[in-house]
Protein chains: 2
Amino acid sequence: MASSTVENYLKHVLLLSAGGDGLVSMGALAGALAVVPGTATTMVKALADGGLVEHRPRHGVRLTAAGRRLALGVLRKHRLVETFLVNVLKMDWAAVHAEAEQLEHAISDDVLDRLDALLGHPATDPHGDPIPSRQGQLDSQVYATLATCVADKTLRVVRVTDQSAEFLQFVDQTGLLPGTALRVASRNLAAGLVTLKRPGARPLALSLAAAGNILVAPAR
Amino acid sequence: MASSTVENYLKHVLLLSAGGDGLVSMGALAGALAVVPGTATTMVKALADGGLVEHRPRHGVRLTAAGRRLALGVLRKHRLVETFLVNVLKMDWAAVHAEAEQLEHAISDDVLDRLDALLGHPATDPHGDPIPSRQGQLDSQVYATLATCVADKTLRVVRVTDQSAEFLQFVDQTGLLPGTALRVASRNLAAGLVTLKRPGARPLALSLAAAGNILVAPAR
DNA sequence: AGATTTATTTTGACTACTCAAAATAGGCCG
DNA sequence: CGGCCTATTTTGAGTAGTCAAAATAAATCT
Ligand SMILES: [Mn+2]
Ligand SMILES: [Mn+2]
Ligand SMILES: [Mn+2]
Ligand SMILES: [Mn+2]
């Protein structure tokens, strides 16, 4: 049985290798796990011994097939737990990430399957993050962000990347939850500002940095 | 934050001090936690340093007020989680103990309160074990067992002590779940046998040892 | 190319928890 | 009381995970 520590390392390697060339730097990994770089190095060597990652010294880490399978399992637990906490227990969507961080290591596969059924086999969690399938398929569709999308076309929010409670609170307050329809009214690169229009709501201004954390797709 | 290990030690001291003079022997504690006695001694000394137990060397351990408060919190989580798993996720009541053993350490107080509300503030878990209140009140009512109760009076099962999957499976199969009405038809001390009658069901024989794990009260 | 900056790895040390096996203290029995 | 049996404690050692700080390699900049 993999320890919580091992599960967290693998999950973060998976998350960090999403963009980029698939090789995760030690610095990034250590940062994500809130440990000093030396600790990450030591741990990664142990994981490599266990056949869960491939370590290219001085360059980075990458998951092996076994490591990826495990990481996807943890991610599935994390996101299904978040969905349960929001949909069934009605928790604040900004609080569930911290909860799921613990619960993802304590839930059995049996309980997971039952939660999945109870929730109606959701495809995404409350933040729009895709939930890996039972077989380990992860939707990797690339979306535009409010910082990069076309202007003046009607779009809908599909996902909010940035797990921080403050940002999620802000998104909730201003009503930019996944599913919301909107369009980019204007974008000022120099000022780093994006202005949004939503039907029946007042215009909203957003920094480019913030806008980059909100993924959108053409309104269906 | 108390580690899972600490929480398990405290919970088992609480459980083991239920009967007896309140002083739990190292042997009993070590056995319950599946560690060697020396490990329990070491750990208990650490807990005593932390003010969670009182250690009378060579005699036993007892919870302090702080330790008891913590232990009751863990027990509450354990039993509410079991209730959730059975009532909401429809899991087999023989399987939930092992699940709850992990989840009791991963659930926050906020999630716990919401589960409690979702379940309608139950007083007992699926096995009839009393759930400590939010304020730390634990019902300590003493019940008769099928091995000790009066014969030929109608009773109802209130609780099944013995967490083992095999025994719980047996109880489930033979329909002796908490709530069931029955009476002791005969009891043969020499043979160590108890015979039960239930309305509309065939008589059932049980060893005295097994009967001792089924608690009953007068039918209301 | 040589020097400097920066990321990574190594080393030594620490905490929490555990076991095996030897030492010891209590309780009990004659 | 004195000896024996048994539970408990002590001692020495090991695993998993972590940090601080020194050593090293890679990348970048004259
Ligand atoms: Mn986690
Ligand atoms: Mn999420
Ligand atoms: Mn436990
Ligand atoms: Mn129970």
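For the numbers below, each heavy atom of this structure counts, side chains included, while hydrogens, waters and symmetry mates do not. Proteins come first, then strands; the chains are lettered A, B, ... in the order of their sequence lines, and each starts at number 1.
Protein atom CG of D49(B) is 14 Å distant from nucleotide atom C1' of dT15(C), rounded to whole Å. Note: NZ (K45(A)) to P (dT8(C)) measures 14 Å, nearest angstrom. If you measure from atom NE2 of H105(B) to atom P of dC17(C), you get 12 Å, rounded to the nearest angstrom. When the C1' atom of dC17(C) is taken as reference, atom CG of L10(B) falls 15 Å away, rounded to whole Å. As rounded to whole Å, 11 Å separates atom P of dC17(C) from atom CD of E7(B).
T39(B) comes within 4.0 angstrom of a base, heavy atoms only. Contacts of T41(B) with the nucleic acid, taken as non-hydrogen atoms under 4.0 Å apart, include base atoms.
The local environment of CZ in R156(B) is crowded, with over 12 non-hydrogen atoms from other residues, nucleotides or ligands closer than 6.0 Å. The number of heavy atoms from other shown groups lying within 6.0 Å of CZ (R68(B)) does not exceed 12.
Between the side chain of H12(B) and the backbone N or O of N8(B) there is at least one donor-acceptor pair closer than 3.5 Å. In terms of modelled atom types and a separation under 3.5 Å, the side chain of S17(A) and the main chain of V13(A) share a donor-acceptor contact. Here the side chain of K77(B) pairs a donor or acceptor atom with the backbone of I107(B) at under 3.5 angstrom.
Listed by residue number, the members of residues 26-37 of chain B with any heavy atom below 4.0 angstrom from DNA chain C are A34(B), V35(B), V36(B). Of the residues in residues 53-61 of chain B, those placing a heavy atom less than 4.0 Å from an atom of DNA chain D are H55(B), P57(B), R58(B), in numerical order.
For Y9(B), no side-chain nitrogen or oxygen approaches OP1 or OP2 of dA16(C) to under 4.0 Å. Checking the phosphate oxygens (OP1, OP2) of dT18(C), no side-chain nitrogen or oxygen of T42(B) falls inside 4.0 Å. Taking 4.0 angstrom as the limit, S3(B) places a side-chain polar atom (N or O) nearer than this to OP1 or OP2 of dC17(C).
No salt bridge links E104(A) with R79(A); every basic N to acidic carboxylate O contact stays at or beyond 4.0 Å. A salt bridge is absent between D49(A) and K45(A): the closest approach of a Lys/Arg side-chain nitrogen to an acidic carboxylate oxygen does not fall below 4.0 angstrom.
Each of D109(A), D116(A), D113(A) was compared with R134(A) under the salt bridge (Lys or Arg N to Asp or Glu O under 4.0 Å) criterion, and only D113(A) meets it.
Partners of T174(B) under the side chain to side chain donor-acceptor pair (under 3.5 Å) rule, at least two apart in sequence or in another chain, do not exist in this structure.
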